[in-house]
2 protein chains.
Amino acid sequence: MAEPMYKQIAEDLRKKIETGELAPGGQLPTELDLRESYNASRNTIRDAIKRLISSGYVETRPGQGTFVLRNIDPFVTTLSRDKDSGLGGGEGASYLSEVSKQHRTPEVGPVRVEMQLARPEIAARLRVPTDTQVVSRHQERFIDGTPWSLQTSFYPMELVTSGRATRLLLAEDITEGTATYLEGATGRKQVGYRDWITARTPDENEQKFFGLPHDSTVFEIFRTAFDQSGVPTRVTVTVFPADRNQFIVNVGTLPDPEYDAR
Amino acid sequence: MAEPMYKQIAEDLRKKIETGELAPGGQLPTELDLRESYNASRNTIRDAIKRLISSGYVETRPGQGTFVLRNIDPFVTTLSRDKDSGLGGGEGASYLSEVSKQHRTPEVGPVRVEMQLARPEIAARLRVPTDTQVVSRHQERFIDGTPWSLQTSFYPMELVTSGRATRLLLAEDITEGTATYLEGATGRKQVGYRDWITARTPDENEQKFFGLPHDSTVFEIFRTAFDQSGVPTRVTVTVFPADRNQFIVNVGTLPDPEYDAR
DNA sequence: GCAAATTTGTTCGTATGTATT
DNA sequence: CAATACATACGAACAAATTTG
């Protein structure tokens, strides 16, 4: 026996899921049933199920059972457009209309405004010293009622201390978009941005908000926006669960943005 | 006790790793030692270590012990440039020079050329029927000796059956870049591309090649390149382990591409 | 609304196998 | 070959969450 028993059992169950013998949303036999089917101990069955969980096939609900995960229809965020250089996809203001275009229902939570000390990742991108005070605007975002992303934008404090962009301090949406608002209020026009895409495991807050297991994966995207002088005006950090989000980057001249096969 | 013991032990060990009390590359006490330190059974200790493994903090080596993972210096791939619309980052030909720019040593394996039946994901992007024959060019790529990515490009068969781009069939590098070669050989100029970014768990091949645990994460990026008529000339699928790869997308006008803080 | 039954979660003990030194 | 350390597997008991009667 090359492969240990728990891997064989996991593989067998995986096949039954792939072939549809165990349908999405359906329930697996209980641990005690599987224990008899496979002639193994309950712990071995549990090891097999743990494998299926971390591979993203099933979930267990205490007191209920083990269930095949439904295939989530992923949401696709476009990080770059070719036409409108300037503002891009996935951001606060454009979020609502962009999601609607994909025939899905977006919602956003209230904006939470805080003064914070910039941690190194943020400070370096905003080109301010670490632990400088910055304005933080945080928002939860949902699609069709499902938690979809967490977004936090950081702005240099001088934007508000100078008295020019004080609406950043109000805990309310800036419906025309912060890029547009900042251009009118400060004359600093957003002419470009750079996205830095990473993946990591979710922290405790993110696990709770998204309902993710501790060993799942989230995308973390740092967007640094620059004004016409090449000075960063803003850093936006957005966290997306990897199981329900995908991204598109368009470069050069392209045919119409058909959302074709996945 | 709200939290179960194995989570508390994992959390305690995690803190010791975060504070540097357990240094990167260093060895944890053996399971039997930890069993005494924490007054728990060996199974409970193992549950705690499993948590640390799936959170990416440690690895176990049978017969040796449990070790704190060294922080990998991630490689950053730029998916879009503002200047040169056309060819972009992370691709076959430009790979070697691009990696060298980051003061790291790139290597590539031999090109493996195959005729394949296009699976649906590929066929839809190339706009050919599923199971149509396509040319597949596959290559392994390394940085500083570490397996870094697996890349497979798919080309419509007509490019070679028409006798115009027969070098695609040769199992050798096309040093000037396939985009340049195809333009000369067929007159089809690459004027843009679209990247589709997803994350998933690695398959068995990928686990073996990259040395990844079965529950880790890889990025999978589908790049569809288009010619001046808006027709796809190529689909390139690249798989990157998420623990050692990050991506940048540039949009609009930007200051010099300083590779600043992470 | 409560008690019982069901199902998964945690913890222990033990034995044996496999990889490395 | 022996010692060490992790991997697999079994059995058992009790806890916690949920559903059922």
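Every chain is numbered from 1 and lettered A, B, ... according to where its sequence line falls, protein lines coming before strand lines.
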Asker: Do B:F240 and B:F247 make the cut of ring centroids closer than 6.0 angstrom?
Answerer: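 Close enough - the centres of the two rings lie under 6.0 Å apart.
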Asker: For a salt bridge (Lys or Arg N to Asp or Glu O under 4.0 Å) check, start with the C-alpha distance between B:E18 and B:K15, then their side-chain angles and the critical distance, and finish with the verdict.
Answerer: CA-CA 5 Å; B:E18 294 283 355; B:K15 276 179 188 156; over 6 Å; no
Asker: Could you give the CG-to-P distance, from B:L34 to C:dT11, as a whole number of Å?
Answerer: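 Computing the B:L34:CG to C:dT11:P distance gives 15 Å.
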Asker: Counting C-beta onward and ignoring hydrogens, is there a side-chain heavy-atom pair between B:F209 and B:L150 closer than 4.5 Å?
Answerer: yes
Asker: Could you write nucleotides 3-9 of chain C as a row of B, S and -, 5' to 3', where a protein heavy atom under 4.0 Å of any base atom gives B, of only sugar-phosphate atoms gives S, and otherwise -?
Answerer: ----BBB
Asker: Anything under 30° is parallel, anything over 60° is perpendicular, the rest tilted; go ahead and classify B:F219 against A:F219.
Answerer: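 Ring orientation of B:F219 relative to A:F219: tilted.
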Asker: Rounded to whole Å, please give me the gap between CG in B:N43 and C1' in D:dA9.
Answerer: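 Distance, rounded to whole Å: 10 Å.
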Asker: Using whole Å, what does the distance between atom C1' of nucleotide D:dC6 and atom CZ of B:R35 come to?
Answerer: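 One finds 15 Å between C1' of D:dC6 and CZ of B:R35, rounded.
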Asker: Give the rounded distance in Å between these two atoms: CD of A:E36 and P of D:dC10.
Answerer: 14 Å
Asker: Go through DNA chain D and write down every stem, that is, every run of at least three consecutive Watson-Crick or G-U wobble pairs with distances under 3.5 Å, as range with range.
Answerer: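 Ordered by first number, the stems with DNA chain D (at least 3 consecutive pairs each) read C:2-21 with D:2-21.
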Asker: Going by atom types alone, do B:H214 and A:S54 pair a side-chain donor with an acceptor below 3.5 Å?
Answerer: yes
Asker: Tell me, please, which residues at least two apart from B:D12 pass salt bridge (charged side-chain N to carboxylate O under 4.0 Å, His left out).
Answerer: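 Per chain and number, B:D12 pairs via salt bridge (charged side-chain N to carboxylate O under 4.0 Å, His left out) with B:K16.
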Asker: Rounded to whole Å, how long is the line connecting atom NZ of B:K50 with atom P of D:dC6?
Answerer: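 After rounding, the gap between these two atoms is 13 Å.
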Asker: Using whole Å, what does the distance between atom C1' of nucleotide C:dG17 and atom CE of A:M5 come to?
Answerer: 13 Å
Asker: Taking the six-membered ring of B:F222 (Phe, Tyr or Trp), confirm whether the NZ or CZ of B:R125 is under 6.0 Å from its centre and within 45° of its axis.
Answerer: yes
Asker: Has the side chain of A:T130 got a donor or acceptor atom that lies under 3.5 Å from a matching backbone atom of A:R119?
Answerer: no
Asker: Please report, rounded to the nearest Å, how far the C1' atom of D:dA16 is from the CD atom of B:E3.
Answerer: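 Between C1' of D:dA16 and CD of B:E3: 14 Å.
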Asker: Consider the side chain of B:K7, meaning its heavy atoms from C-beta on, and name the nucleotide among C:dC12, C:dT10, D:dT8 that approaches it most closely.
Answerer: C:dT10
Asker: Test the A:R61-A:F67 pair against the cation-pi criterion, namely NZ or CZ under 6.0 angstrom from the six-membered ring centroid and within 45° of the ring axis.
Answerer: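 So A:R61 does make the cation-pi contact.
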